[in-house]
Every structure is written in structure tokens, then in C-alpha cells.
Amino acid sequence: MGKKLYCGNLSYEMSSGDLEKLFSEFGGVRDAQVVSDRETGRSKGFGFVEMESDGDAQSAINGLNETLHNGRPLTVNEAKPRESRSGGGGGGYGGGRGRRY
């Protein structure tokens, strides 16, 4: 099974295709996604890449972490599992004073 990698400090112009091409130099890439803002569609400057094998993932980490790409030092490491988010926030019944009789 391959490893999912986190890639941070990407240039805002980088696309998912560019990310896949960059990582494919180190082995097979199953999936590459640059995370973008829902409202603007603009890159958030990080993404995730799933490599075909653990060896390919380690090669990509060794080959790309802290290297300059488009003038920015990349951060590449094993992605941490996503933390579960707790349910929505509590609806507020704001302060305010009740009626006094």
C-alpha cells in the first residue's frame, strides 16, 4: 500500500497536474491534489500526493523536502490522519435580560 504525503509551501500557481508531474520523478503517483479555497478556487498553498509504494513515498520525501520549487522551499512529509471534527457549534442564546415584572 502506498503512502499519502503532505506537500506544503507550494506556489499558488501550482495545479494538481503540476504536483503529479513533480512527484512522478520519484515513482508512481496514484493521486495528487492541490487544496483550493471553496469560495475563490485559489490554491491554499498545500496539497496531498498518494504514491504507489512506500519506497516511492520515501524517495519523494528524501528528494523534495526542503528543496526550492518556484523559489519556495517545499515541505514534504508523511500526511497525518485527518482529525475528526466535533459536531457543529452550540447555538447561542445570547445574554440579554429577561423581563422583569
Side-chain angles (χ1 to χ4, degrees):
M1 183 179 138
K3 281 189 180 172
K4 193 167 192 177
L5 302 177
Y6 165 83
C7 186
N9 205 27
L10 299 173
S11 70
Y12 294 109
E13 293 77 35
M14 182 171 270
S15 69
S16 295
D18 296 334
L19 188 62
E20 181 175 355
K21 186 176 178 183
L22 179 66
F23 276 76
S24 67
E25 296 176 28
F26 298 93
V29 176
R30 283 193 188 146
D31 188 42
Q33 293 295 319
V34 173
V35 177
S36 57
D37 184 90
R38 286 184 189 152
E39 293 187 20
T40 65
R42 183 174 178 226
S43 167
K44 287 190 170 188
F46 69 95
F48 296 95
V49 177
E50 187 175 353
M51 301 298 290
E52 290 284 338
S53 72
D54 291 352
D56 292 347
Q58 193 58 53
S59 293
I61 291 169
N62 294 340
L64 291 172
N65 190 42
E66 297 181 3
T67 62
L68 287 180
H69 188 267
N70 290 340
R72 300 172 71 117
L74 297 179
T75 300
V76 180
N77 51 41
E78 191 174 342
K80 295 178 175 66
R82 191 172 191 172
E83 293 181 13
S84 62
R85 297 181 179 185
S86 59
Y93 288 97
R97 298 185 205 182
R99 284 191 169 164
R100 291 191 180 175
Y101 295 97

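Scope of the values below: all heavy atoms of this structure, side chains included, with no hydrogens, waters or symmetry mates.
Separation of atoms CG (L64) and CD (E25) is listed at 7.5 Å; rounding is to 0.5 Å. The line from CE of M14 to CD of E20 is 12.0 Å long, rounded to the nearest 0.5 Å. To the nearest 0.5 angstrom, L22 atom CG is 7.5 Å from T67 atom OG1. Remark: F26 CZ to N62 CG distance equals 9.0 Å, nearest 0.5 Å. Within the model, atoms OG of S36 and CZ of R42 stand 11.5 Å from one another, a figure rounded to the nearest 0.5 Å. Taken from CG in N77 to NZ in K3, the straight-line distance is 11.0 Å, to the nearest 0.5 Å.
Clustering ILVMFWY residues whenever any of their side-chain heavy atoms sit less than 4.5 angstrom apart, transitively, puts Y12 in a cluster other than the one holding V35. Follow the hydrophobic side-chain contacts under 4.5 Å out from L10 and you reach I61 in the same cluster. A continuous path of Ile, Leu, Val, Met, Phe, Trp and Tyr side chains, each step under 4.5 Å between heavy atoms, connects L5 with L74, placing both in one hydrophobic cluster.
Side-chain atoms of D31 and V49, non-hydrogen and from C-beta on, never get closer than 4.5 Å to each other.
Closest non-hydrogen pair, S16 versus A32, comes out as CB-O, 3.4 Å. C7 approaches V76 most closely through the heavy-atom pair SG-CG2, 3.9 Å. Of all the heavy atoms in D56 and G28, the pair that sits closest is OD2-N, 3.2 Å.
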Working for side-chain contact (heavy atoms from CB on, under 4.5 Å), residues V29 and E52: CA-CA 6 Å; V29 176; E52 290 284 338; over 6 Å; no
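Between the side chain of R72 and the backbone N or O of N9, at least one donor-acceptor pair lies under 3.5 Å.
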